[in-house]
Amino acid sequence: MNLLQEMQEIRVRFAPSPTGYLHIGSARTALFNWLYARHLNGKLILRIEDTDLERSKKEFLEEILDSLKWLGLNWDGEPILQSARLDIYRKSAKQLLDKGLAYEAQGEIRDKEGNIIKNSKRITQKAIIFKVPQKIITINDLVHGKIEIDSSTIKDQVMIKSDGFPTYNFACVIDDTDMGITHVIRGDDHISNTPKQLLFYEAFGFKAPEFGHVPLILGKDRSRMSKRHGATSIREYKQAGYLPEALVNFISLLGWAPGNDREIMSVTDIIKEFDIKNVKSVNAVFDTDKLNWMNSEYIKALDVNTLTPLIKEFLDKEDLEGLDELNLKKIVKLFTIRIKTLGEFKQEAGYFLKDKLEYDAGQLLKLAQRPAIKENLIKFRDTLSGLNEFTILNTEEALRNLAKELNISAGELIHPSRFILTGKTVGPGIFDVFELLGKDRVLKRFDRALEKI
RNA sequence: GUCCCCAUCGUCUAGAGGCCUAGGACAAGAGCUUUUCAAGCUCUCGACAGGGGUUCAAAUCCCCUUGGGGACGCCA
């Protein structure tokens with residue numbers, strides 16, 4: 001690689017702070033950075049912004065890395081921790097101090113309500129504060145175009161806090177410069193930070209990267225997506241049984257579209273098509289209905305051999321007792337088109353996994369009140385017990401013959417049977433249920449239910 | 001309050017001045033299929049926020065209004 005190519009290499013970064021789980025919005029930012037890098041054959045650097053001593057937690061860091069890996073967003077090199085670079089920030093701040101572009105000040109530390117925290121041991125030194133010069137700052141944003149901000153609306157910026165740690169905007173500039181970041185892709189909520197950072201670039205004489213501010217993801221009420229809108233962290237979606245491919249596909253389409261009406265796309269195709277120029281500048285509402293649809297499409301596209309192990313991870317040991325692999329696969333196959341998430345399987349197909357059924361009392365009563373229901377069901381039970389082969393074909397033939405004999409519709413036997421065998425009024429075809437449950441379990445469930453009718 | 005961003009169906013979006021009586025998808029509704037529910041197939045409903053310009057021509061360009069969102073920390 002020659003020098004020119006090296007200078008032109010695209011380097012982007014994702015810079016989470018380990019103060020919480022990976023939020024869906026952050027994940028989208030990470031995804032766009034990743035797509036940008038992969039599309040242009042660049043590098044994605046992971047930087048951990050752990051300069052908030054009180055809120056940063058190691059468990060959060062691990063969780064964030066796990067979520068990124070689960071989504072398939074791989075990064076280049078080792079993650080860089082800001083907490084390991086404190087000297088560098090301090091030295092850099094000193095430089096501005098020496099140039100007369102900054103000053104030191106001793107202030108109190110206040111909490112969120114504005115009260116002074118009196119005996120804070122954190123005040124060990126003076127804060128270093130940047131003197132904001134008067135000027136118009138221009139951002140040539142990759143998604144918004146030209147944005148102008150008058151610096152008179154910005155107050156002097158703390159670079160080094162009294163606890164010796166750098167502030168976000170300051171550390172960001174030092175790091176992005178050191179790491180050779182060429183493009184900063186981040187959420188719209190950072191637009192107001194960019195002019196502050198641009199001022200630092202200028203003070204140091206550093207070349208600023210390109211900026212692209214991507215729109216935010218909103219909840220149903222159009223405010224920033226938060227806990228009250230439902231699941232906000234990637235781990236929650238993983239735990240609910242969404243497929244990472246579906247989630248990636250879905251969030252890639254929040255604020256971006258390839259422009260040819262394509263929606264279900266492999267990640268390879270998304271990388272191929274992704275262009276920051278096609279990113280919209282309008283915020284997007286997160287629509288769980290559409291995510292559910294997309295996830296179900298991904299589930300339907302999987303073959304049973306791939307799906308079964310994925311579903312197994314959502315089942316407990318006791319769910320699998322007495323179930324052989326072949327049977328489980330058949331059940332999975334039956335439910336592939338009926339579940340929207342992997343987690344729904346246990347709920348939907350529960351009656352295949354455990355024998356104890358809870359019958360809804362009202363439904364049971366309704367059933368018992370139908371004319372001649374008990375004697376018909378007893379006859380049907382005896383017919384079933386006389387079958388040698390307990391297959392879809394055999395059970396259907398037996399049921400239809402009996403219905404004819406009794407001069408009732410097939411449904412008169414089918415619906416009560418479904419209720420007896422599954423405890424539900426809706427579900428897969430009843431003859432599938434017969435075969436998959438097997439003769440023994442079917443008869444047992446009939447006997448148990450008939451006692452109650 | 002100040003600054004900034006944004007504005008096409010309920011939602012995600014297509015739309016780069018004539019291809020737009022605005023296209024697709026989700027959701028909703030109807031029908032077909034059927035033992036129920038799904039799935040599948042077919043159809044229906046449904047939007048350029050409002051007002052001024054510019055232009056032969058505007059969803060697309062400009063301005064204003066309105067409406068949403070975000071930021072204003074020794075948080076990141």
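Protein chains get the first letters and strands the later ones, always in sequence-line order, with residue 1 at the start of each.
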Using the [atom1] atoms only, state how far [M] lies from [N], rounded to an integer number of Å.
N     : M     : atom1 : value
B:G50 : B:A14 : C1'   : 24 Å
B:C43 : B:C26 : P     : 13 Å
B:G24 : B:A47 : P     : 14 Å

For [X], enumerate each residue passing the side-chain contact (heavy atoms from CB on, under 4.5 Å) test, keeping only those at least two apart in sequence or located in another chain.
X      : answer
A:D382 : A:I378
A:D141 : A:I139, A:V143, A:H144, A:I147, A:F211, A:H213
A:L31  : A:W34, A:L35, A:L73, A:V248, A:I251, A:S252
A:A246 : A:L243, A:N295, A:Y298

Identity of whatever pairs with [N] - Watson-Crick or G-U, under 3.5 angstrom:
N     : result
B:C20 : none
B:U35 : none
B:A25 : B:U11
B:G1  : B:C72

Touch check for [X], heavy atoms < 4.0 angstrom, all strands: base, sugar-phosphate only, or nothing?
X      : answer
A:K220 : nothing
A:G411 : nothing
A:G187 : nothing
A:P428 : base
A:T167 : sugar-phosphate
A:T51  : sugar-phosphate
A:F165 : nothing
A:L216 : sugar-phosphate
A:L253 : sugar-phosphate

Item to complete: Establish, yes or no, whether the cationic atom of A:R381 lies under 6.0 Å from the six-membered ring centre of A:F446 and within 45° of the ring axis.
Response: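 Because its charged atom misses either the 6.0 Å distance or the 45° angle limit, A:R381 does not stack over A:F446.
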Worksheet item: Can A:R28 be said to sit on top of A:F32's aromatic six-ring, NZ or CZ under 6.0 Å from centre and within 45° of the ring axis?
Response: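 Yes; both conditions hold, so A:R28 lies above the ring face of A:F32.
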Practice prompt. May I ask you to evaluate whether A:K155 reaches the phosphate of B:G73, defined as a side-chain N or O under 4.0 Å from OP1 or OP2?
Written response: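 Answer yes for this pair, as a side-chain N or O of A:K155 is under 4.0 Å from OP1 or OP2.
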Just compare [options] and give me whichever is closest to any side-chain atom of [X].
X      : options             : value
A:H415 : B:U35, B:C74, B:C26 : B:U35
A:D261 : B:A71, B:G23, B:C75 : B:G23
A:E263 : B:G24, B:G40, B:C75 : B:G24

Fill in: salt bridge (charged side-chain N to carboxylate O under 4.0 Å, His left out) contacts in which one or both residues fall within residues 327-337 of chain A, not counting sequence neighbours
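Every candidate salt bridge (charged side-chain N to carboxylate O under 4.0 Å, His left out) pair involving residues 327-337 of chain A fails, so no pair, neighbours aside, qualifies.
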Item to complete: From the options A:Q197, A:R47, A:R11, select the one residue that forms a side chain to side chain donor-acceptor pair (under 3.5 Å) with A:D176.
Response: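 That would be A:R47; it is the only one of A:Q197, A:R47, A:R11 passing the side chain to side chain donor-acceptor pair (under 3.5 Å) with A:D176.
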Discussion item. For nucleotides 1-11 of chain B, give me one character per nucleotide, 5' to 3': B if any protein heavy atom sits under 4.0 Å from the base, S if the only such contacts are to the sugar-phosphate, - if neither.
Written reply: --SSSSS---S
Discussion item. Give the residues of residues 358-369 of chain A touching RNA chain B, defined as any heavy atom closer than 4.0 Å, sorted by residue number.
Written reply: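 Result for residues 358-369 of chain A: none.
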Worksheet item: Can you find a heavy atom in the side chain of A:N260 that is under 4.5 Å from one in the side chain of A:E273?
Response: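 A side-chain contact under 4.5 Å exists here.
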Item to complete: Scan residues 402-433 of chain A for pairs that pass ring pair (Phe, Tyr, Trp, His ring centres under 6.0 Å), counting only residues two or more places apart or in two chains.
Response: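 For residues 402-433 of chain A, and leaving out neighbouring residues, the ring pair (Phe, Tyr, Trp, His ring centres under 6.0 Å) pairs sorted by first residue read A:Y359-A:F419.
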Fill in: Pairs meeting criterion ring pair (Phe, Tyr, Trp, His ring centres under 6.0 Å) with involvement of residues 247-271 of chain A, two or more places apart
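Qualifying pairs, neighbours excluded: A:F250-A:F286, A:W256-A:F274.
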Item to complete: Calculate the interatomic distance between A:E348 atom CD and B:U36 atom C1'; express it in whole Å.
Response: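 It is 13 Å, rounded to the nearest whole Å.
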